[in-house]
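Take a look at the structure below.
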Amino acid sequence: MAKDLTKQQETEKTGAAQLLEEGIHHVNNPVLDLPEIVKNYLGPVSGFHQENNNFYFTDGGASVEIKVVSDEIIRVRLAPKGQFLDDFSYAVPQSDQHVAVYNFEEDLQAYRVKTNTVTCVVNKADFLVSFEDREGTAYNKDYSPMHWEENPDFGGYYVYCTKEAKATEAFYGLGDKPTHLNLRGKRFVNWNSDTYSFQFNQDPLYRSIPFYIGLHGGDAYGIFFDNTFKTYFDFAAEAFDQTSFWSEGGELQYYYIHGPHMMDVIKRYHSLTGTHYLPPLWALGFHQCRWSYYPESKVRDLARNFRERRIPCDAIYLDIDYMDGYRCFTWNKRYFPDPKKMIKELADDGFRTVVIIDPGIKVDENYWVFKEGKKNRYFCRRGDDYFMEGYVWPGRCQFPDFTNQEVREWWGGLFKGLVEAGVAGVWNDMNEPAVFGRGTFPNDVRHNFDGYRGSHRKAHNVYGMQMVRATYEGLKKLYQKKRPFTITRAAYAGTQRYASVWTGDNVATWEHLRLGVLQLQRLSMSGMPFCGTDIGGFSGEPDAELFTRWIQFGVFSPFMRAHSAGDTAEREPWSFGPEYETLNRKFIELRYKLLPYIYSVFWEHTKYGFPILRPVTIIEQHLESNVQREEEFCFGDKILVSPVLNPGQQRKTVYLPHGAWYYYWSDAIFQGGEEHEIETPMDEMPIFIKAGAVLPEYPVMQYVQEKKIESFKLLVYYSDQEVNSYLYEDHGDTFAYEQHIYLEKKFVVKGTLKSLTIEQYEDGLYSTKYDSYDLHLVALPFEVGQVMVDDKPMAAVLDDAGRYLVKVPKNFRTVSVTE
Ligand code: GLC
C-alpha cells in the first residue's frame, strides 16, 4: 500500500517545466519566473485527540480532522500548518447530520473511527487514510499520504490527495464533462468557462462539480472534494493504479460517501448539498426559446402558431434583445411597448414568459441599476481597489459581487419590475463569469465570500451559483407563495438548490445529440437533476431528422427546451415541413401525457434525493458488462429509453436491465438482462415500460392544467412479480407541499396467470379534483371474467387499444381482476 513511502517523503522538487505541463500558471506571472516549489507529505502520526464527533491527528506539524457526518459520510480535512481554515461551504449548508453511533479504537498499527456502516482507518506509520465497510472490505484507500505545496502565487497551498485505483475500477460523475460516462484514464480540470460550440472531450466547460463515484467489484462509494478553487482530477490516467485530486488553493477537504449502491451514494451526496425544490408543474412542459424572439408581434405570432397548430407549449423565452441596450432589468420599449399587457395575454393563452439576465451591468451613469450598484459599492473590485471592468453584450460593464449577502438581496429585489410585469421565470446566463476577450475575471479580483474574503481564485467557480441563488431567493420573496423557475449556465456543487441547468452552447450535429445523452446522465449522477440541452443544437443548422430525434430525446430530458442562436434559420417544431411537424407534435404530446409521471419522479428527487435520469450502470452496477453502457437510461424507475443517435437509423440494439419490459408502442413483452434489436422508424423511439408499473397519464393538453381531469388515466402493466409504483399530486405551483399539502400514493401490482390485483395506499393532505380512475390493463395474460373493487363487482370494457378498461373510485383500496 504505502509503496515508495520513503522516496515520497523525501522532499520532491518540481520545476517550472512540470508546472507548465500541469497548466498551473496565470497570465500576469509567466510560468518560467516561478520559483521552485516543494511537495510536503504527511509524516507518521504522532498525536491524536477527539472533540465530539471530530477526531484530530497530527504528524507534529500538520493536522488532519476526521469528522463523522453520518453513519455513511465521513469528512476529511488537512491543515498543513495545523491551522484549519474557517469551516464555511457554499455547497454544504450544514455538515452536521444526525450521527447515530460511532466509536474509536486504537491498536499498534492504526486508529479506527467506526460508525454503524463505515470504518475510517488512519495508519500510524504512514498517515494513510482508508475507508472500509463493517466487514472490513476496503472501499477507498490513500495511495500516498495527503500532501501540499506552498503556492508561490498567493501564499496558500496547492493541496493533493492520491488514492489507490483498483485495476477494474470505473469512475463516474464530475458534472458536465462532455465525454464517455466512465472517466477512467482521463484528467479533468474544474474552472467554469464560457465554451461556445464545445467539442467532445473538451475540458473544462461551464460547471464545476468536484464529486465522483468510484465503482469496483459491484460496490460504489463517492468522493466530494469541496473546494471552490481550480480543482483537478486524474482517474488512473497518469498511473494506472492511482486516482488523484488536487487544487490550486483552499483546503484539502473531502467527504467520503459510502454506498455500496450508487443510488445511495447519490442520495447521500444530496443529503449534504441539498436537492432541487419541486419545480412548478408548468416548468416540466415544453419550452420554446431562441436568440431572440422580438419584437412583440413576433412573440405573439409564435404563440399563435403553437396554439393553432395544436403543439403543446408552456414557456416562451425572451433572450437579450428584450432589454434596452442589453441593460438588465429594462425593456426595449420599441420592441415591447407594453410588456405587462403582452405577458398577461400570453398567460391567458397558457404561456409563461421567461426572461434572460446576465451579470454584466452596463457602465452608464444614467442607468439606475448601475447607479445603485456603484453608490453601494456592490460591484467587484480588483486587488488595487479599482473596478473590475470587462466587455459583455452591453459593452463596458461592471459585475455585482454575488458572494456578498447584501448584494444578493439587492439583486433579488431588482426583479420586482419584471415580476410585476408578469415574468414567470429567469434564465441566468454568462455567469461563469464570461467576459469577452479575456474569458473571465483576472485572479486578483476581490470577493466578499460571505465574510470569508478571497480573490477570484476562490470565488470564480461559485460566482454563477451565487448569482442564481440571488435570483432564486429574490423571486421566491417576490412571488410569495409561488415556486420560482430559474435556469443557470454556470454552477458549483449545491446549485441544484436554486436552479435547473442547461448544457450551454452546443452544436446542431449528431455528435452533440450523443454528447447531450452523456452529459445529462452525468449531470444526473452528479447531483444536478433538472438538466437539459438546447434541443436542436444552439449553433449550426439541424436537418429535420436530427431535430425530431432531438425532440424525442428532449421528451426524456428532465428540462425540455428548444433553443437556437440568432444566426440560424427559424427553429420551431413546425419549421421542417408538415411531415416533421406531425412527428414533433406527437412527441411533445407524449411529454404532456407523461407529466404526472415526470412530476412524481421529480418528487422522488426532491424528497429522497434520487436522480431523474438513471444510467443503466446505476440500475445494474453489479454487472461489469454495463460499465461502458451509455445510450440507454431509465427515466424514473419505470421507463427505459434509448434515443436514436444516428441519421437514417432503421433499428438499434437496446439492452434492457433484468426483469420484464413492455415496448411502449405495441405492448409487446421483452425480457431484460439481454440486448434486443428494435426497429426505429421516425415516428418511434425505443421506449420500454417496466412490467408491473402503474403509469399515470394526462390527456393531451396545450399547456399544463389547461383541462380539468374528470377521470384520471392509469396504465397498469401486468406483472407476475409484486411491483410498487408511486404517484405524487399537488396544486402544482406553491410551496404548500412543505406543509404536507400533497398526496403520495403507492400502487402495488401483483399478477398470476389468472388474476391481477392492484392495491392503493395514500399519504398526505391534498385532495384531488377528479373522482375516479380509468384503469387500463395492459397485456393481461387472461380474459377478464370478474372485476372486484373493494368487494364490489365492476364492469370491464375494452378501450380503443383493445385493453381492458375499468373505471374505479379514486379512493379504492384493492382492485382484483380474475379470469
Ligand atoms: C449565450 C447563451 C445562449 C444565449 C446567448 C445570448 O451564448 O449560452 O443560450 O442565447 O448567450 O444571450
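Whatever order the structure lists ligands and atoms in, that order sets their numbers, starting from 1.
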Give a yes/no on ligand 1: does W393 have at least one heavy atom closer than 4.0 angstrom to it? yes
Answer side chain, backbone, both or neither: which part of Y317 comes under 4.0 Å from ligand 1, heavy atoms only. neither
Nearest-0.5 Å distance, CG of residue D321 to CZ of residue F336: 8.5 Å
How far is atom 1 (C) of ligand 1 from the closest protein heavy atom, and which atom is that? D429 OD2, 3.0 Å
Look at K341 together with E345 and state whether they make a salt bridge at an N to O cut-off of under 4.0 Å. yes
Ligand 1 and H563, any nitrogen or oxygen pair closer than 3.5 angstrom? yes
Taking the basic N atoms (NZ, or NE/NH1/NH2) and the acidic carboxylate oxygens, is any pair closer than 4.0 Å for D301 and R304? yes
Polar contact flag, side-chain donor to acceptor under 3.5 angstrom, Q702-Y592: no
Please work out whether any backbone atom (N, CA, C, O) or any side-chain heavy atom from C-beta onward of I356 is under 4.0 Å from ligand 1, and answer side chain, backbone, both or neither. side chain
Check this for me, if you would: do K333 and D324 make a salt bridge, where the nitrogen-to-carboxylate-oxygen distance has to be below 4.0 angstrom? no
Ligand-residue contact atoms, ligand 1 with R489, heavy atoms, under 4.0 Å: 1 (C), 2 (C), 7 (O), 8 (O)
Would you check the N or O atoms of D505, main chain and side chain alike, for any that come under 3.5 Å of an N or O of ligand 1? yes
With a 6.0 Å cut-off on ring centres, are F399 and F441 close enough? yes
Between H287 and G285, the two heavy atoms sitting closest are CD2-O, 3.2 Å
Proximity to ligand 1 by part of Y326, non-hydrogen separation under 4.0 Å: neither
Test your reading of the structure: does R561 have an N or O sitting under 3.5 Å from an N or O of ligand 1? no
Among protein heavy atoms, which sits nearest to atom 4 (C) of ligand 1, and what does the distance come to when rounded to 0.1 Å? D319 OD2, 3.4 Å
Could you list which atoms of ligand 1 come closer than 4.0 Å to a heavy atom of W502? 8 (O), 9 (O)
If you measure from the Lys or Arg side-chain nitrogens to the Asp or Glu carboxylate oxygens, is any gap between D505 and R489 under 4.0 Å? yes
